[in-house]
Amino acid sequence: MSRLLILSGKGGTGKTTVAAAFVELARAAAYADCDVDAPNLHLVTPTTADPERFEYVDLPRAWIDPTVCVGCGACAYECRYDAVLHEHGTYRIDQRVCEGCALCAVICPVEAIALQPVTAGDVIVHHPGRRVFSTGELRMGHGSSGKLVAEVKSRLPDAAPDEGVVVLDGPPGIGCPVMASLTGVDAVLVVAESSRSGLHDLDRVLDAVAGSGARVAVAVNRAGLDEGHDALVQARCEARGVPVIGTIPGDPTVVRVTDEGRTLATAPGPAADAVRALYTATVAMLQPRSTESVVTPSSRQENQP
Amino acid sequence: MKVAVLSGKGGAGKTFVAVNLAAVTRGAAYLDCDVEEPNGHLFLRPTLAGSRDVFEVVPRIDDDACTGCRVCVDFCRFNALAAVGARVLVFEDLCHSCGGCHVLCPEHAVIPTLRRVGRVRWGAADDVAFASGALVPGAMSASPVVHAVLERGQFADDAWTFMDCAPGTACTVMDVVADADVCLVVAEPTLFGAHDFAMVADLIRVLGKPAGIVVNKWTGGETAVDRLAAAHQLPVLARIPYDADLHRLIAAGRVASQESEPHRQRFESLAAGLSTLAAEAVPA
């Protein structure tokens, strides 16, 4: 069994479109949506009406008992997150800002501070047929999406090595949720966009995955939008030693098919043809081989002006 | 007046809208708060006036002073400290920089040290004031970098500041929205776009901020986004039709309102709509 993670850096480049088509083409026995901030994979892949739900409980957050607090302000003085609010002479914790370190509770001279459990999200596990689809939803304003991603992945079965591809739809960006998604994956397919923003963000996501040990390949989506950037994306990948294994042209069919809740797996049109070819190339990449592609770290860490 | 430009779904057109609004508004500022993938500079191409690294504080253990008492190890809720024999090891990736180990160590053996997590840059593009944050790829917390951008972007109350957010509704987006006077949600009228717009609409309701909607890549008619906006009583301030030429301009990193008169008018009218929304929202 190989675990394939689809990433993009930039949002909206087509991660979920590619992941959903791969789920169908691979008849994946297990798949997951690691974009817990804005999950979409369930809109276009098989689900069940009564999935299992598990609350994701984060570290408990501080709470000041106003009947015990003597207003000394020690908690506010030490809190590194500025989570202690001082209003109208009383202290209270902004639980949205609190990270649950418990320093305030430890140093409070009158033991006025308790730690209260919080539910920061939900893990939702569907069992369509004999398959497993694990997805998660971060509750609004919570910051620990990396840990929720780990929870979502933990619900996937540890299947035997010969059970094909496990498809993981990743989050955008290059931060904590992406790093949590990367743990334990065999290969990463980066869906890049042929644009000035797409090129910039591709570079950053390749920096983030360098050193993960996973094989990395790139597919270029919306190719042909800007021919200059088609060539620049190709050249950048070549310079960094990352193979470009697919090119998906802009195609209005994609939105139409997706809006019907379907994937590109069996759809008509040039984009669907390209995604099917990309799937074949990805399966070939997942085969064991002697020479591994290694991402060269960028010469520039952040290529801002 | 501070405007948080947000979207649930990535790629809906936040940066496109924020950059163009800043370009058509006299004396405006643009803040790139999408520190994981900041793109505003690729369009505005600012002349930088300065930059600085953003750090987090992580512990270093002075092995000579440490007696192995384990006070820090037992305190740390993030499992960033571990006792191995009489020594304490630090796992920086797990540290949340709460400072508790430093405060509580009876031997003063925990030395705060800096870990670089990003960089904030500032300058100007023509008369648009500019600030942008960039997270180090793989760094665990974007919050310090977002806050560094917000600190850099404190201008006079009558100046328009457009704050380009990260996608989603996580805590860094909440921090920017909390700092804003008005929200502008850019939504794509697709199945994914409508689903993610609903999440953002909930966030706006909870935070109680006035908000307007831009339907981007509009292909005509009343869309799922329009229906959701109506259900949430949020006004649609603009519909930007899908246009292959416009998308070519964006792909090439051009500011559309500086390239074509119809686009300039479209964003001027959106800015006027925001003005009205903000004026109505300000308590008398």
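Throughout, protein chains are lettered first and strands after them, A, B, ... in sequence-line order, and every chain is numbered starting at 1.
In this structure, B:P137 and A:I174 approach most closely via the heavy-atom pair CA-CD1, 3.3 Å. Taking every heavy atom of both residues into account, A:P172 and B:P167 meet most closely at CG-CG, 4.1 Å. Looking at every heavy atom in both residues, B:G99 comes nearest to A:L103 through C-CD2, 4.5 Å. Taking every heavy atom of both residues into account, A:G100 and B:F78 meet most closely at C-CZ, 4.3 Å. Listed here is the closest heavy atom pair of A:S197 and B:N39: CB-OD1, 3.5 Å. Looking at every heavy atom in both residues, B:P38 comes nearest to A:D201 through O-OD1, 4.4 Å.
You'll find the side chain of B:E36 stays beyond 4.5 Å of the side chain of A:K10, heavy atoms only. No side-chain heavy atom of A:R80 sits less than 4.5 Å from a side-chain heavy atom of B:H96. With a 4.5 Å cut-off on side-chain heavy atoms, A:L115 and B:R77 count as touching. Looking only at side-chain heavy atoms (C-beta outward), A:R96 and B:D175 come within less than 4.5 Å of each other.
There is no contact between A:L232 and chain B, counting heavy-atom distances below 4.5 Å. Only the side chain of A:L59 comes within contact range of chain B, judged by heavy atoms closer than 4.5 Å. Heavy atoms closer than 4.5 Å to chain B are found in the backbone of A:S194, but not in its side chain. Proximity to chain A is absent for every atom of B:D34, based on heavy atoms less than 4.5 angstrom apart. Only the backbone of B:S97 comes within less than 4.5 Å of a heavy atom of chain A; no side-chain atom from C-beta onward does. Proximity to chain B is limited to the side chain of A:I107, based on heavy atoms less than 4.5 angstrom apart.
For chain A, the option among B:V103, B:V177, B:T172, B:I250 with the highest count of heavy-atom pairs below 4.5 Å is B:V103. No other option in B:K217, B:M140, B:H195 has as many heavy-atom pairs under 4.5 Å with chain A as B:H195. When the candidates B:V200, B:D202, B:L191 are compared by the number of heavy-atom contacts under 4.5 Å with chain A, B:L191 comes out ahead. Note: B:C98 leads B:C98, B:A12, B:A142, B:G8 in heavy-atom pairs under 4.5 Å with chain A. Ranked by heavy-atom pairs under 4.5 Å with chain A, the list B:T219, B:L104, B:V173 is led by B:L104.
Each of B:M174, B:R205, B:M199 was compared with A:M140 under the side chain to side chain contact (heavy atoms under 4.5 Å, CB included) criterion, and only B:M174 meets it.
In this structure, the side chain of A:R204 engages the main chain of B:L135 through a donor-acceptor pair within 3.5 Å. A:R196 places a side-chain N or O within donor-acceptor distance of the main-chain N or O of B:L42, the cut-off being under 3.5 Å. The closest donor-acceptor contact from the side chain of A:D259 to the backbone of B:T190 lies at 3.5 Å or more, if one exists at all.
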Would you sort out whether A:V44 and B:F192 count as a side chain to side chain contact (heavy atoms under 4.5 Å, CB included), showing the intermediate values?
CA-CA 9 Å; A:V44 284; B:F192 295 171; 3.9 Å; yes
